[in-house]
Amino acid sequence: MLHWITDSRAGFVALLMVAFIVAIGVYVLPALMAWSMDSPHRIPITLLDLLLGWTVLGWVAALIWAIMSGNGDSFDDDRPPRRQEPWM
């Protein structure tokens with residue numbers, strides 16, 4: 001199978017497409033983390049990631065901001081349970 005990827009044009013294009021999809025996934029990782037962790041700063045983090053993520057410093061800043069703001073500025077604490085109203 002590696003022979004097909006390295007020696008044919010179609011294999012090279014397939015490998016290039018996979019690499020492009022992985023690169024896009026890594027590029028938007030801080031924004032995805034901010035949205036999945038329900039960060040209150042998810043829109044500014046997304047804008048920072050999309051506009052300055054091509055610089056390594058902008059991407060790292062967006063990643064740290066997404067991690068720190070996702071769960072009340074603490075990474076390892078669990079969210080408090082919701083208060084449930086009595087059913088009666």
Side-chain angles (χ1 to χ4, degrees):
M1 179 167 168
L2 289 176
H3 177 72
W4 173 76
I5 290 175
T6 57
D7 289 343
S8 70
R9 182 169 294 205
F12 176 73
V13 170
L15 189 62
L16 194 62
M17 287 175 46
V18 168
F20 182 73
I21 290 170
V22 168
I24 292 295
V26 169
Y27 184 77
V28 299
L29 182 66
L32 292 175
M33 288 179 63
W35 284 91
S36 69
M37 292 169 50
D38 199 26
S39 170
H41 307 287
R42 60 183 168 252
I43 293 183
I45 292 170
T46 303
L47 289 175
L48 176 66
D49 186 33
L50 292 178
L51 298 176
L52 293 176
W54 60 272
T55 65
V56 175
L57 186 61
W59 186 85
V60 169
L63 182 67
I64 292 171
W65 193 7
I67 290 171
M68 294 305 293
S69 69
N71 195 4
D73 291 338
S74 180
F75 185 70
D76 59 349
D77 290 343
D78 292 332
R79 290 185 180 170
R82 288 185 174 176
R83 183 172 177 241
Q84 295 180 350
E85 297 294 326
W87 59 277
M88 289 181 147

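The heavy-atom pair separating Ser69 from Ile45 by the smallest distance is OG-CD1, 3.6 Å. The minimum heavy-atom distance linking Ile67 with Met37 is given by the pair O-CE, 3.8 Å.
Hydrophobic cluster membership differs between Leu51 and Leu57, with clusters built from Ile, Leu, Val, Met, Phe, Trp and Tyr side chains linked at under 4.5 angstrom.
The list of salt bridge (Lys or Arg N to Asp or Glu O under 4.0 Å) pairs with a residue in residues 53-62, not counting sequence neighbours, is empty. Screening residues 42-59 for salt bridge (Lys or Arg N to Asp or Glu O under 4.0 Å), with sequence neighbours left out, gives Asp38-Arg42. Applying the side-chain hydrogen bond (donor to acceptor under 3.5 Å, both in side chains) test to residues at least two apart or on different chains, the pairs with a partner in residues 22-35 are Trp35-Thr46.
The backbone N or O of Pro30 sits nowhere less than 3.5 Å from a side-chain atom of Trp65 that would complete a donor-acceptor pair.
Not counting sequence neighbours, the partners of Ile64 by the side chain to side chain contact (heavy atoms under 4.5 Å, CB included) test are Val60, Met68. For Leu32, the side chain to side chain contact (heavy atoms under 4.5 Å, CB included) criterion is met by Val28, not counting sequence neighbours.
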Would you give me the side-chain donor-acceptor pairs under 3.5 Å for residues 16-23, sequence neighbours excluded?
none

